[in-house]
Number of protein chains: 2
Amino acid sequence: MPAPQAPTGDDDRTKPQASLWERLARPAPAPRTTLTPHRIAEAAVEIADTEGLDAVTMRRLATALGVAPMAAYRYVSGKDELIELMVDFVYGRLPLDAPAAGWRDTMRILAVHLRAMNLAHPWTVRAAAASLSPNQLAVPERAFAALADHGLDADTTMAVFRTVTGYVHGSVAAEIALQDLQRDHGWSGGDETRAALAPRMSFLMNTGRYPAYQRYLHEATRKDDPTWQFETGLDCVLTGIATHLGI
Amino acid sequence: MPAPQAPTGDDDRTKPQASLWERLARPAPAPRTTLTPHRIAEAAVEIADTEGLDAVTMRRLATALGVAPMAAYRYVSGKDELIELMVDFVYGRLPLDAPAAGWRDTMRILAVHLRAMNLAHPWTVRAAAASLSPNQLAVPERAFAALADHGLDADTTMAVFRTVTGYVHGSVAAEIALQDLQRDHGWSGGDETRAALAPRMSFLMNTGRYPAYQRYLHEATRKDDPTWQFETGLDCVLTGIATHLGI
DNA sequence: ATCTGATGGATACAACGTACACATCGGCGC
DNA sequence: GCGCCGATGTGTACGTTGTATCCATCAGAT
């Protein structure tokens, strides 16, 4: 792996590794053309929303922008940065200024909004990596502001934030995995899904390995209410934070 | 999109869509050759563990097995099923029979083991989809068995399970995202990572958008203790379940 | 010994990310 | 007003990927 600094023949004033967000914040040196990071992100997000993340191809994106396949590479260094840009774009739409009374309300509303965002853009679950983009950082910022003045030290504050967002992320990931499975096979409702999965399921159940799970399958009545499931768990998490940390 | 049933000229006794796990359970029609689903999964998992999930290509796998590129397609219908197989393989190594006293201990140990498994095979976080494989189903089975006889209805039992595994999955996903970032760039410790990220970070901090986050950066002392972070959050979650549901 | 279905090999193709060299446009100094 | 030069978009090409398809081969029942 060669040093990522100098590509080949370089001019002497080599730019010292400006990050994606740093470059974006520069005063837009020449906004004279049609292509801009914002337009790129917008187009890519629309493709991902309507056709899935796998449909976001550099060529497909170029077609949507009415531009040559390699054009976007002037603005993003590669597909990874494109996806960073997309994720930051949808985080930018997150409503973070909702009025709320107290840390618990703030965190609850934040969690509900994060879930809504992930459900509206299911690909974010697979795409989100280390959250170091401006609009992603705004989320812990909002949470920390709400959690200040409760006597928690910095580490515990972060633990609270991580606990809530961890729950949200994992929980929504499971929800979306099921949703993707349904979409890929064209199953619409919960009943239709169960009908399609029935052979697979009864094969597994007939092995006799899963008696407790089988009882759940018979007795559960809210299997098709993901919002209830999410919010029940969320209230457990919030209650746990309040009880365990005494705030 | 044509019907996935008949490829071309088919013999009249078309197999009625047996699932991956159903096929695996059949009495191994002819175990006369070197290739088996177990060996395939084993080899693929080793590649993913040592070189990352992206290194698992059908050709790379075939080379590792000493076999032609298309050989594995006799056992898995495509790469998706290969990954299902890999995930089920590592779930099979999960120790689920640890003795535990009460539901809380059981769930706590389960969570810790799930985290350990994900850390040992970081690619599972990106790979895990709808958990309908035999060894994945064994996890809720174990949890449901421990949660029985506490007066919880089936839906609430599932909610408890989903809450814990949701927290684990999301929490570990964040931990591994950071770990991947470090591995991809060759940063070893937390200090080295922060040093490498410093320009990016100070650019973002200098925008003045993140005062609360900046305070956290200065005051936190356990930023490099992911186990403490995980277990602190886990105890919050478990306490919350106990308190909120009265068990 | 022969037949047959299961197994692995060989070849091929479309689509992907992206490196590289080239054409073109518009604002700046003269 | 004119020419220059860096910034922007284009064209072409290469290596790699998943996988469809056809072919050779082997084990075991007849």
Side-chain angles (χ1 to χ4, degrees), chain A residues 2 4 6-15 18 23-24 26-40 43-44 47-48 51-86, chain B residues 1-2 4 6-15 18 23-24 26-37 39-40 43-44 47-48 51-86:
Chain A
T8 49
D10 227 350
D11 42 332
D12 33 6
R13 251 199 312 164
T14 54
K15 302 265 175 80
R23 273 179 282 141
L24 288 202
R26 292 210 181 107
R32 58 193 167 200
T33 53
T34 68
L35 227 46
T36 115
H38 185 270
R39 261 174 50 78
I40 291 176
I47 296 173
E51 305 174 46
L53 187 58
D54 292 335
V56 179
T57 299
M58 297 309 281
R59 294 167 217 264
R60 177 86 181 70
L61 172 64
T63 308
L65 289 166
V67 108
M70 293 293 294
Y73 279 90
R74 294 278 171 199
Y75 298 89
V76 291
S77 73
K79 199 177 184 182
D80 288 353
E81 271 196 6
L82 171 66
I83 289 180
E84 280 187 67
L85 204 59
M86 294 169 62
Chain B
M1 189 203 290
T8 51
D10 225 351
D11 42 331
D12 33 6
R13 247 199 314 165
T14 53
K15 301 264 176 80
R23 273 178 282 142
L24 288 201
R26 292 208 181 110
R32 59 196 166 196
T33 52
T34 68
L35 227 46
T36 103
R39 263 176 47 79
I40 291 176
I47 295 173
E51 305 173 47
L53 188 57
D54 292 335
V56 180
T57 70
M58 298 308 282
R59 290 166 222 267
R60 177 87 181 69
L61 172 64
T63 308
L65 289 164
V67 106
M70 293 293 295
Y73 280 90
R74 293 276 169 200
Y75 299 88
V76 290
S77 72
K79 199 176 184 184
D80 288 353
E81 271 196 6
L82 171 66
I83 290 180
E84 280 187 66
L85 204 59
M86 294 168 63

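The shown structure was predicted, so the numbers you read here are calculated from the model rather than taken from an experiment. Sequence lines set the chain letters: A, B, ... in the order given, protein chains first and strands last, and positions in each chain run from 1.
- Atom CD1 of residue B:Ile83 and atom CG of residue B:Leu53 lie 5.0 Å apart, to the nearest 0.5 angstrom.
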Legend entry - Under 4.0 Å protein heavy-atom contact, by nucleotide of nucleotides 11-19 of chain D - B base, S sugar-phosphate only: BBB---BBB
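- Under a 3.5 Å cut-off, the side chain of A:Tyr75 and the backbone N or O of A:Leu35 do form a donor-acceptor pair.
- The nearest whole Å value for the distance from the CG atom in A:Leu82 to the C1' atom in C:dC16 is 14 Å.
- The shortest non-hydrogen separation linking A:Ala62 to A:Ala68 is CB-O, 3.4 Å.
- Applying the salt bridge (charged side-chain N to carboxylate O under 4.0 Å, His left out) test to pairs two or more places apart or on separate chains, those with a residue in residues 59-80 of chain A are A:Glu51-A:Arg60.
- To the nearest angstrom, P of C:dT18 lies 15 Å from CZ of A:Arg74.
- The nearest whole Å value for the distance from the CG atom in A:Leu61 to the P atom in C:dA15 is 18 Å.
- B:Val76 meets the side chain to side chain contact (heavy atoms under 4.5 Å, CB included) test with B:Glu81, B:Leu82, B:Leu85; sequence neighbours excluded.
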